[in-house]
Asks: 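Got a structure for you, questions after.
The figures that follow rest on heavy atoms only: side chains count, while hydrogens, waters and symmetry mates do not. Read the numbers this way: they start at 1 and go in the same order the structure lists the ligands and their atoms. Just so we're clear, the structure is a prediction, and the values are computed from it rather than from any experiment.
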Amino acid sequence: MTEFLEGYPFAIQWFPGHMTKAKRLMENQLKMVDVVVEILDARVPCSSANPLLKKLIGNKPKIVALNKIDMADPECTARWLAALREKNYTAIEVDCQRGKGIKTLLAAMRQAGQPVIDKWLKKGVRNHPVRVMVVGIPNVGKSTLINRILGRNKTATQNKPGVTRNTQWVEIGKNLELLDTPGVLWPKFESAEVGFNLAVTGAVKEDVFDRETAAAILLLRLKRMYPQQLSAYYGIEVAADDTARQLEEKIGRARGALKAGGEVNYPKTVDLFLRDFKYGKLGPMTLEEP
Ligand code: G4P
(Lines give C-alpha, C1' and ligand atoms only; values in the text may rest on other atoms or scores of the structure.)
Protein backbone atom coordinates (compact mmCIF):
# COMPACT_ATOMS: atom_id res chain seq x y z
CA MET A 1 0.00 0.00 0.00
CA THR A 2 1.52 3.30 -1.09
CA GLU A 3 0.57 6.40 0.86
CA PHE A 4 2.03 9.84 1.08
CA LEU A 5 3.85 10.51 4.35
CA GLU A 6 5.20 14.03 4.79
CA GLY A 7 4.65 14.43 1.04
CA TYR A 8 6.69 11.33 0.09
CA PRO A 9 5.19 8.14 -1.35
CA PHE A 10 6.04 5.24 0.96
CA ALA A 11 5.32 1.53 0.67
CA ILE A 12 6.57 -1.78 2.06
CA GLN A 13 7.06 -4.75 -0.27
CA TRP A 14 5.33 -7.39 1.78
CA PHE A 15 4.11 -10.85 0.83
CA PRO A 16 1.16 -12.35 2.74
CA GLY A 17 2.70 -15.83 2.36
CA HIS A 18 4.97 -15.00 5.29
CA MET A 19 1.95 -14.36 7.42
CA THR A 20 0.10 -17.60 6.69
CA LYS A 21 3.08 -19.70 7.74
CA ALA A 22 3.79 -17.68 10.88
CA LYS A 23 0.15 -17.82 11.89
CA ARG A 24 -0.04 -21.60 11.63
CA LEU A 25 3.13 -22.00 13.64
CA MET A 26 1.91 -19.62 16.30
CA GLU A 27 -1.44 -21.41 16.64
CA ASN A 28 0.34 -24.69 17.37
CA GLN A 29 2.73 -23.15 19.86
CA LEU A 30 0.00 -21.32 21.74
CA LYS A 31 -1.84 -24.56 22.48
CA MET A 32 0.83 -25.41 25.05
CA VAL A 33 0.83 -22.08 26.82
CA ASP A 34 -0.97 -20.56 29.84
CA VAL A 35 0.38 -17.00 29.81
CA VAL A 36 1.57 -14.93 26.86
CA VAL A 37 4.04 -12.06 27.05
CA GLU A 38 3.78 -9.80 24.01
CA ILE A 39 6.83 -7.60 23.54
CA LEU A 40 6.29 -4.24 21.91
CA ASP A 41 8.85 -1.63 20.90
CA ALA A 42 8.29 1.31 23.24
CA ARG A 43 9.17 3.71 20.41
CA VAL A 44 6.24 2.44 18.33
CA PRO A 45 3.93 0.51 20.68
CA CYS A 46 0.97 0.53 18.35
CA SER A 47 2.76 -0.33 15.12
CA SER A 48 4.74 -3.13 16.76
CA ALA A 49 1.61 -4.85 18.12
CA ASN A 50 -0.09 -7.64 16.24
CA PRO A 51 -3.86 -7.13 16.29
CA LEU A 52 -4.58 -10.76 15.37
CA LEU A 53 -2.81 -12.06 18.47
CA LYS A 54 -5.89 -11.38 20.53
CA LYS A 55 -7.89 -13.79 18.42
CA LEU A 56 -5.16 -16.42 18.56
CA ILE A 57 -4.78 -16.42 22.35
CA GLY A 58 -8.47 -16.22 23.23
CA ASN A 59 -8.97 -15.93 26.98
CA LYS A 60 -5.40 -16.66 27.99
CA PRO A 61 -3.85 -13.94 30.12
CA LYS A 62 -1.51 -11.63 28.26
CA ILE A 63 1.18 -9.33 29.60
CA VAL A 64 2.36 -6.42 27.47
CA ALA A 65 6.06 -5.66 27.82
CA LEU A 66 7.16 -2.30 26.44
CA ASN A 67 10.78 -2.95 25.56
CA LYS A 68 13.70 -0.72 24.55
CA ILE A 69 12.59 1.99 26.95
CA ASP A 70 16.18 3.25 26.96
CA MET A 71 15.57 4.49 23.39
CA ALA A 72 12.01 5.77 23.95
CA ASP A 73 10.82 9.13 25.25
CA PRO A 74 10.20 8.47 28.98
CA GLU A 75 7.27 10.83 29.12
CA CYS A 76 5.58 9.00 26.21
CA THR A 77 6.36 5.62 27.79
CA ALA A 78 4.61 6.72 30.98
CA ARG A 79 1.56 7.76 28.97
CA TRP A 80 1.55 4.50 27.00
CA LEU A 81 1.69 2.47 30.20
CA ALA A 82 -1.18 4.47 31.67
CA ALA A 83 -3.25 4.07 28.49
CA LEU A 84 -2.66 0.31 28.35
CA ARG A 85 -3.49 -0.14 32.03
CA GLU A 86 -6.65 1.87 31.57
CA LYS A 87 -7.65 -0.78 29.02
CA ASN A 88 -7.01 -3.41 31.70
CA TYR A 89 -3.80 -4.74 30.24
CA THR A 90 -0.98 -5.75 32.52
CA ALA A 91 1.70 -3.50 31.06
CA ILE A 92 5.35 -3.47 32.18
CA GLU A 93 8.25 -1.37 30.94
CA VAL A 94 11.52 -3.18 30.31
CA ASP A 95 14.99 -2.63 28.97
CA CYS A 96 16.04 -6.14 28.14
CA GLN A 97 19.51 -5.12 27.09
CA ARG A 98 20.31 -3.82 30.56
CA GLY A 99 17.91 -6.05 32.49
CA LYS A 100 15.65 -3.28 33.74
CA GLY A 101 12.11 -4.26 34.72
CA ILE A 102 12.72 -8.02 34.42
CA LYS A 103 11.91 -8.72 38.08
CA THR A 104 8.62 -6.85 37.78
CA LEU A 105 7.84 -8.79 34.61
CA LEU A 106 8.51 -12.10 36.33
CA ALA A 107 6.21 -11.11 39.19
CA ALA A 108 3.51 -10.24 36.65
CA MET A 109 3.90 -13.65 34.98
CA ARG A 110 3.47 -15.34 38.33
CA GLN A 111 0.40 -13.29 39.12
CA ALA A 112 -1.14 -13.89 35.69
CA GLY A 113 -0.58 -17.63 36.11
CA GLN A 114 -2.11 -17.90 39.58
CA PRO A 115 -5.63 -18.73 38.29
CA VAL A 116 -4.13 -21.65 36.35
CA ILE A 117 -2.42 -22.96 39.48
CA ASP A 118 -5.67 -22.56 41.44
CA LYS A 119 -7.62 -24.41 38.76
CA TRP A 120 -5.24 -27.38 38.94
CA LEU A 121 -5.34 -27.29 42.74
CA LYS A 122 -9.11 -27.65 42.64
CA LYS A 123 -8.61 -30.78 40.56
CA GLY A 124 -6.22 -32.03 43.20
CA VAL A 125 -3.03 -31.37 41.22
CA ARG A 126 -0.40 -29.56 43.25
CA ASN A 127 2.53 -27.64 41.81
CA HIS A 128 1.30 -27.73 38.24
CA PRO A 129 3.60 -25.42 36.31
CA VAL A 130 2.37 -22.30 34.57
CA ARG A 131 3.76 -22.19 31.06
CA VAL A 132 4.79 -18.83 29.65
CA MET A 133 5.70 -17.90 26.10
CA VAL A 134 7.25 -14.72 24.74
CA VAL A 135 5.89 -13.48 21.43
CA GLY A 136 6.44 -10.47 19.22
CA ILE A 137 7.31 -9.26 15.75
CA PRO A 138 10.93 -9.55 14.57
CA ASN A 139 13.61 -7.53 16.35
CA VAL A 140 11.54 -6.31 19.32
CA GLY A 141 13.89 -8.10 21.72
CA LYS A 142 12.29 -11.52 22.26
CA SER A 143 15.56 -13.46 22.35
CA THR A 144 17.23 -10.80 24.47
CA LEU A 145 14.41 -11.09 27.01
CA ILE A 146 14.50 -14.89 27.09
CA ASN A 147 18.29 -14.87 27.49
CA ARG A 148 17.97 -12.34 30.29
CA ILE A 149 15.41 -14.41 32.17
CA LEU A 150 17.37 -17.61 31.69
CA GLY A 151 20.62 -15.86 32.55
CA ARG A 152 22.49 -17.00 29.50
CA ASN A 153 24.26 -15.28 26.65
CA LYS A 154 23.44 -15.28 22.95
CA THR A 155 25.67 -18.20 21.98
CA ALA A 156 23.84 -20.53 24.35
CA THR A 157 20.61 -20.21 22.38
CA GLN A 158 22.01 -21.94 19.33
CA ASN A 159 20.46 -25.17 18.17
CA LYS A 160 21.71 -28.35 19.70
CA PRO A 161 21.44 -31.36 17.41
CA GLY A 162 18.74 -33.81 18.38
CA VAL A 163 16.87 -31.36 20.56
CA THR A 164 13.42 -30.30 19.47
CA ARG A 165 13.82 -26.62 20.08
CA ASN A 166 10.22 -25.56 20.14
CA THR A 167 9.22 -27.73 23.07
CA GLN A 168 11.97 -26.80 25.49
CA TRP A 169 10.52 -25.62 28.75
CA VAL A 170 12.87 -24.13 31.26
CA GLU A 171 11.98 -23.68 34.91
CA ILE A 172 12.27 -20.04 35.93
CA GLY A 173 10.93 -20.25 39.45
CA LYS A 174 8.49 -22.28 41.48
CA ASN A 175 5.61 -23.46 39.28
CA LEU A 176 6.77 -21.25 36.42
CA GLU A 177 8.19 -22.43 33.09
CA LEU A 178 9.30 -20.49 30.05
CA LEU A 179 9.40 -21.71 26.47
CA ASP A 180 13.01 -21.11 25.51
CA THR A 181 12.22 -20.10 21.93
CA PRO A 182 10.05 -17.08 21.19
CA GLY A 183 6.93 -17.00 19.07
CA VAL A 184 7.56 -14.87 16.01
CA LEU A 185 4.59 -12.78 15.01
CA TRP A 186 4.33 -11.27 11.54
CA PRO A 187 4.33 -7.49 11.42
CA LYS A 188 1.09 -5.84 10.45
CA PHE A 189 1.07 -3.51 7.47
CA GLU A 190 -2.33 -1.94 7.72
CA SER A 191 -1.02 1.35 6.45
CA ALA A 192 2.14 2.92 5.09
CA GLU A 193 2.36 4.73 8.43
CA VAL A 194 2.72 1.45 10.33
CA GLY A 195 5.16 0.17 7.70
CA PHE A 196 7.24 3.31 8.06
CA ASN A 197 7.36 3.03 11.86
CA LEU A 198 8.48 -0.60 11.62
CA ALA A 199 11.02 0.20 8.91
CA VAL A 200 12.88 2.93 10.81
CA THR A 201 12.89 1.03 14.11
CA GLY A 202 14.35 -2.07 12.47
CA ALA A 203 11.47 -4.56 12.55
CA VAL A 204 11.49 -5.08 8.79
CA LYS A 205 14.45 -5.82 6.57
CA GLU A 206 16.01 -2.96 4.71
CA ASP A 207 15.42 -4.46 1.28
CA VAL A 208 11.62 -4.13 1.46
CA PHE A 209 11.46 -0.34 1.57
CA ASP A 210 13.18 2.65 0.02
CA ARG A 211 15.78 3.94 2.46
CA GLU A 212 16.11 7.41 0.98
CA THR A 213 12.36 7.96 1.22
CA ALA A 214 12.24 6.60 4.78
CA ALA A 215 15.08 8.92 5.81
CA ALA A 216 13.38 11.96 4.27
CA ILE A 217 10.10 11.22 6.06
CA LEU A 218 11.89 10.58 9.35
CA LEU A 219 13.87 13.81 9.10
CA LEU A 220 10.71 15.85 8.61
CA ARG A 221 9.03 14.06 11.55
CA LEU A 222 11.96 14.60 13.87
CA LYS A 223 12.25 18.22 12.78
CA ARG A 224 8.71 18.66 14.09
CA MET A 225 8.76 16.31 17.09
CA TYR A 226 12.34 16.48 18.38
CA PRO A 227 14.10 19.47 16.73
CA GLN A 228 16.41 20.12 19.67
CA GLN A 229 17.69 16.57 19.85
CA LEU A 230 18.26 16.51 16.09
CA SER A 231 20.15 19.77 16.28
CA ALA A 232 22.18 18.81 19.36
CA TYR A 233 23.21 15.35 18.18
CA TYR A 234 24.55 16.48 14.81
CA GLY A 235 25.56 19.99 15.89
CA ILE A 236 23.45 21.60 13.16
CA GLU A 237 20.89 24.40 12.95
CA VAL A 238 17.39 23.00 12.43
CA ALA A 239 14.97 25.52 10.92
CA ALA A 240 11.21 24.96 10.86
CA ASP A 241 11.13 25.37 7.06
CA ASP A 242 14.08 23.07 6.32
CA THR A 243 13.38 20.47 3.65
CA ALA A 244 14.54 16.88 4.09
CA ARG A 245 17.25 17.52 1.50
CA GLN A 246 18.49 20.56 3.39
CA LEU A 247 18.65 18.59 6.62
CA GLU A 248 20.55 15.81 4.85
CA GLU A 249 22.96 18.40 3.48
CA LYS A 250 23.62 19.74 6.99
CA ILE A 251 24.00 16.30 8.53
CA GLY A 252 26.25 15.12 5.69
CA ARG A 253 28.56 18.10 6.16
CA ALA A 254 28.55 17.86 9.96
CA ARG A 255 29.46 14.19 9.81
CA GLY A 256 31.91 14.51 6.94
CA ALA A 257 29.91 12.26 4.61
CA LEU A 258 31.33 13.93 1.51
CA LYS A 259 32.32 12.95 -2.00
CA ALA A 260 35.79 13.61 -3.41
CA GLY A 261 34.84 17.08 -4.67
CA GLY A 262 33.46 18.13 -1.28
CA GLU A 263 29.81 17.58 -2.25
CA VAL A 264 27.57 15.80 0.27
CA ASN A 265 27.34 12.04 -0.21
CA TYR A 266 23.59 11.63 0.21
CA PRO A 267 23.33 7.82 0.21
CA LYS A 268 26.02 7.66 2.88
CA THR A 269 24.27 10.37 4.90
CA VAL A 270 20.96 8.50 4.68
CA ASP A 271 22.66 5.32 5.90
CA LEU A 272 24.27 6.92 8.89
CA PHE A 273 21.16 8.86 9.85
CA LEU A 274 18.91 5.78 9.70
CA ARG A 275 21.45 3.80 11.69
CA ASP A 276 21.75 6.56 14.30
CA PHE A 277 17.98 6.59 14.74
CA LYS A 278 17.57 2.81 14.80
CA TYR A 279 20.13 2.50 17.59
CA GLY A 280 18.78 5.44 19.59
CA LYS A 281 21.89 7.59 19.13
CA LEU A 282 19.84 10.76 18.72
CA GLY A 283 18.43 10.38 22.22
CA PRO A 284 15.19 8.88 23.52
CA MET A 285 12.37 9.35 21.01
CA THR A 286 8.90 7.88 20.54
CA LEU A 287 7.15 8.08 17.18
CA GLU A 288 3.62 7.16 18.29
CA GLU A 289 1.34 8.80 20.82
CA PRO A 290 -1.10 6.67 22.80
P1 G4P B 1 14.01 -10.69 18.44
O2 G4P B 1 14.42 -11.94 19.14
O3 G4P B 1 12.68 -10.18 18.86
O4 G4P B 1 14.10 -10.77 16.95
O5 G4P B 1 15.02 -9.52 18.88
P6 G4P B 1 16.47 -9.62 19.55
O7 G4P B 1 16.36 -10.10 20.94
O8 G4P B 1 17.39 -10.34 18.63
O9 G4P B 1 16.84 -8.08 19.62
C10 G4P B 1 16.97 -7.29 18.44
C11 G4P B 1 17.95 -6.17 18.71
O12 G4P B 1 17.41 -5.30 19.71
C13 G4P B 1 19.30 -6.64 19.25
O14 G4P B 1 20.28 -5.77 18.75
C15 G4P B 1 19.14 -6.43 20.73
O16 G4P B 1 20.38 -6.27 21.37
C17 G4P B 1 18.34 -5.15 20.75
N18 G4P B 1 17.59 -4.96 22.01
C19 G4P B 1 16.80 -5.83 22.67
N20 G4P B 1 16.28 -5.28 23.78
C21 G4P B 1 16.77 -4.02 23.84
C22 G4P B 1 16.58 -2.93 24.75
O23 G4P B 1 15.86 -3.00 25.75
N24 G4P B 1 17.23 -1.77 24.44
C25 G4P B 1 18.03 -1.66 23.34
N26 G4P B 1 18.61 -0.47 23.13
N27 G4P B 1 18.20 -2.64 22.47
C28 G4P B 1 17.59 -3.81 22.71
P29 G4P B 1 21.40 -6.24 17.76
O30 G4P B 1 21.95 -7.53 18.21
O31 G4P B 1 22.31 -5.09 17.58
O32 G4P B 1 20.60 -6.56 16.47
P33 G4P B 1 20.42 -5.69 15.18
O34 G4P B 1 19.67 -4.46 15.61
O35 G4P B 1 21.80 -5.39 14.72
O36 G4P B 1 19.64 -6.56 14.28
Side-chain angles (χ1 to χ4, degrees), residues 18-19 21-22 25-26 29-30 33 36-45 47-50 53 62-74 76-78 80-81 91-106 108 132-159 165-166 168 170 172 178-188 197-209 211 214 218 226 229 233 271-288:
H18 301 170
M19 183 183 116
K21 194 172 162 221
L25 203 68
M26 181 67 59
Q29 286 175 313
L30 282 170
V33 174
V36 174
V37 176
E38 185 184 20
I39 308 196
L40 304 179
D41 186 325
R43 296 169 296 172
V44 288
S47 294
S48 58
N50 184 308
L53 182 65
K62 181 179 92 170
I63 297 166
V64 178
L66 283 187
N67 188 34
K68 308 198 181 186
I69 50 164
D70 55 307
M71 297 201 280
D73 186 333
C76 290
T77 301
W80 269 107
L81 286 171
I92 315 281
E93 55 178 326
V94 289
D95 169 350
C96 293
Q97 214 166 49
R98 285 159 199 82
K100 254 180 91 178
I102 305 296
K103 269 195 188 144
T104 314
L105 182 60
L106 285 170
V132 184
M133 179 179 172
V134 172
V135 306
I137 63 168
N139 249 351
V140 281
K142 300 178 296 296
S143 313
T144 313
L145 173 63
I146 292 172
N147 290 339
R148 262 282 156 206
I149 294 174
L150 302 185
R152 66 186 178 191
N153 59 24
K154 258 189 181 174
T155 47
T157 56
Q158 276 159 13
N159 275 326
R165 293 281 302 159
N166 58 5
Q168 282 267 304
V170 184
I172 54 168
L178 181 71
L179 187 63
D180 77 349
T181 43
V184 184
L185 291 168
W186 57 101
K188 64 173 177 188
N197 285 333
L198 296 180
V200 294
T201 51
V204 294
K205 286 205 184 105
E206 291 168 356
D207 52 5
V208 299
F209 64 94
R211 292 170 61 72
L218 185 59
Y226 295 104
Q229 286 91 321
Y233 182 71
D271 278 349
L272 72 86
F273 167 63
L274 287 177
R275 202 169 44 241
D276 287 344
F277 179 80
K278 182 175 154 189
Y279 290 110
K281 297 274 167 59
L282 280 70
M285 295 175 172
T286 299
L287 294 180
E288 280 179 327

Asks: Is a donor from one side chain sitting under 3.5 angstrom from an acceptor on the other, for Asp41 and Ser48?
Replies: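 There is no such pair between these side chains.
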Asks: Counting both backbone and side chain atoms, is some N or O of Pro182 under 3.5 Å from an N or O of ligand 1?
Replies: no
Asks: Does the pair Lys205/Asp207 count as a salt bridge with the N-to-O cut at 4.0 Å?
Replies: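 No, this pair does not count.
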Asks: List every atom of ligand 1 that sits less than 4.0 Å from any heavy atom of Lys142, numbering the atoms from 1 in the order shown and giving each element.
Replies: 1 (P), 2 (O), 3 (O), 4 (O), 5 (O), 7 (O)
Asks: Scan side-chain atoms only and decide if Glu288 and Asn197 contain a donor-acceptor pair under the 3.5 Å cut-off.
Replies: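 Yes - a donor-acceptor pair under 3.5 Å links their side chains.
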Asks: If I apply the N/O under 3.5 Å rule, does Gly141 come out as touching ligand 1?
Replies: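 Gly141 vs ligand 1: N/O contact under 3.5 Å present.
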Asks: Quick check: do Leu178 and Ile149 have side-chain heavy atoms less than 4.5 Å from each other?
Replies: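 With C-beta onward as the side chain, the pair touches.
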Asks: Does ligand 1 come near enough to Arg98 that some N or O of the ligand is less than 3.5 Å from an N or O of the residue?
Replies: no
Asks: Who passes side chain to side chain donor-acceptor pair (under 3.5 Å) against Arg275, sequence neighbours left out?
Replies: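 So Arg275 forms no side chain to side chain donor-acceptor pair (under 3.5 Å) with any residue.
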Asks: Where's the contact between Thr144 and ligand 1, heavy-atom distance under 4.0 Å: side chain, backbone, both or neither?
Replies: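 The answer is both, backbone and side chain.
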Asks: Not counting sequence neighbours, which residues clear side-chain contact (heavy atoms from CB on, under 4.5 Å) with Pro284? List them please.
Replies: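 Pro74.
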Asks: Against heavy atoms of Asp95, which atoms of ligand 1 measure under 4.0 Å?
Replies: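 Answer, ordered by atom number: 22 (C), 23 (O), 24 (N).
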Asks: What atoms of ligand 1 come closer than 4.0 angstrom to any heavy atom of Val140?
Replies: 3 (O), 5 (O)
